[in-house]
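Working notes, beginning with the structure itself.
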Number of protein chains: 2
Amino acid sequence: MGEAAWRVVVRDGVTKLSVRNVAAEAGIAAGSLRYLFPTQEALRAYVLDLVRQRVTDRISGMSTQQPLRRAVEEYFSQLLPLDTERRVEMEVFLSVGVLALTDPALRPAYERAHHDLREGCRQMLALLATDPDYSALDPDSETARTHAFIDGLALHLLRQPLDESTTWATDELARHLDSLR
Amino acid sequence: MGEAAWRVVVRDGVTKLSVRNVAAEAGIAAGSLRYLFPTQEALRAYVLDLVRQRVTDRISGMSTQQPLRRAVEEYFSQLLPLDTERRVEMEVFLSVGVLALTDPALRPAYERAHHDLREGCRQMLALLATDPDYSALDPDSETARTHAFIDGLALHLLRQPLDESTTWATDELARHLDSLR
DNA sequence: CCGTTTCTAATACGACTGTGCTACGAAGTT
DNA sequence: AACTTCGTAGCACAGTCGTATTAGAAACGG
């Protein structure tokens, strides 16, 4: 059900995220969808929180049996729209997220996602700091900057079509992690 | 005229950016506004490009009679939503900018803004590299990362109300510039 | 088997949307 | 003077929007 809403957003844009369009995309009657989401705001909030949920689920399912630096690099990669799945998530999150600027009902979902991401960054930096190479790294004081860098990188990746090369982004990520050493 | 459109976006969100709402905000008839912007897409494109124009105008009007490092720091500050004016610009740009993900008619305006910002970052880093302290800085290889960092920082600043302190952001900016040394 | 809850569907209403069309006054040009 | 262009305004059309209401099917516990 949420995926149908995602498809609408990605294909037609946030402005077309309506009860009717989502219902049509999901193949059910509009009146039926309103049983699940009585108001449009409920629909938007659900869509937004579904992204957060998906991202955290995918991340928590990652294996960390790798060299430390490599594991951290892969973790941060999971926050970038490098394949279709993450691209869709990012587009939806950004599109609906900007609505949270003016719609207080969406703030909690957006804030929670932001908070989860920040904590994830902090934890990964803390993990990285256990590497002898990174003994000079102070995770707490580096979290905000790395978080901003990751989000900005994700933003810039959305500019380009999915089939174009994204090695520049992973290169920048690697360079950033190098600079923390 | 464009300011009326901005007010609508900032107050009511991008979904309320309609010919009628903007006309009402500007105090003219809807039919009259359509003389200037025959279609909704023209309106959106204008709003988006107006932001770019304003930002570049404000930047090009900056005085650079300061210590090098300080001047560069202030330049990057101008790209962050630290006061009402820049905040409005950023909100509008982001709100309408996400529409460019699905609306090809908006791509040129968005791309141009992105390009201008990147070039601005590059030039400022090049200027910074003339400082003896920054002799090891390679502007070209650092542009993308700094650009991503700035945009991410701007994104995160939009989260908080305007009256809250923004020193953390300028601190992060200073720290980033320090790390380039 | 019946009743109750859970879900799906259809329809209707009023508000808002983009946009086409026409018209009217002011300003400027020939 | 007549005429054209420019800016504003108003109305109408068809479409979409969110949402309330009503009703029927399906699942389930008694």
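A, B, ... follow the sequence lines: proteins, then strands. Residue 1 opens every chain.
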Any salt bridge linking B:Arg86 with B:Asp83? Criterion: basic side-chain nitrogen under 4.0 Å from a carboxylate oxygen.
yes
Taking all heavy atoms of A:Pro139 and all of A:Ala129, pick out the closest pair and write down the distance.
CG-CB, 3.9 Å
I'd like to know if A:Arg44 and A:Glu41 make a salt bridge, using a cut-off of under 4.0 Å between side-chain N and carboxylate O.
no
Tell me whether the OP1 or OP2 atom of D:dG18 has a side-chain N or O from A:Arg34 closer than 4.0 Å.
no
Give the dot-bracket string for DNA chain C, reading 5' to 3', where a pair is Watson-Crick or G-U wobble with both distances under 3.5 Å, ( ) marks pairs inside the strand, [ ] marks pairs crossing earlier ones, | marks a partner on another strand, and . marks unpaired.
|.|||||||||||||||||||||..||||.
By a strict heavy-atom criterion of less than 4.0 Å, which residues belonging to residues 1-21 of chain A are in contact with DNA chain C?
A:Arg20
Between the protein and nucleotides 6-9 of chain C, list the N/O to N/O atom pairs that are separated by less than 3.5 angstrom.
{"unit_1": "C:dC7", "atom_1": "OP2", "unit_2": "A:Tyr35", "atom_2": "OH", "d": "3.1"}
{"unit_1": "C:dA9", "atom_1": "OP2", "unit_2": "A:Ala29", "atom_2": "N", "d": "3.2"}
{"unit_1": "C:dA9", "atom_1": "OP2", "unit_2": "A:Ser32", "atom_2": "OG", "d": "3.2"}

Within the structure provided, determine whether B:Met1 and B:Ile28 are in side-chain contact (heavy-atom separation under 4.5 Å).
yes
Donor-acceptor pair, B:Ser95 side chain versus B:Val92 backbone, under 3.5 Å?
no
Side-chain donor-acceptor pair under 3.5 Å between B:Tyr134 and B:Arg69, yes or no?
yes
Using a distance-only test with no angle check, is there a side-chain donor-acceptor pair under 3.5 angstrom linking A:Trp6 and A:Glu25?
no
Should A:Leu158 and A:Arg87 count as side-chain neighbours, where that means a heavy-atom distance under 4.5 Å?
yes
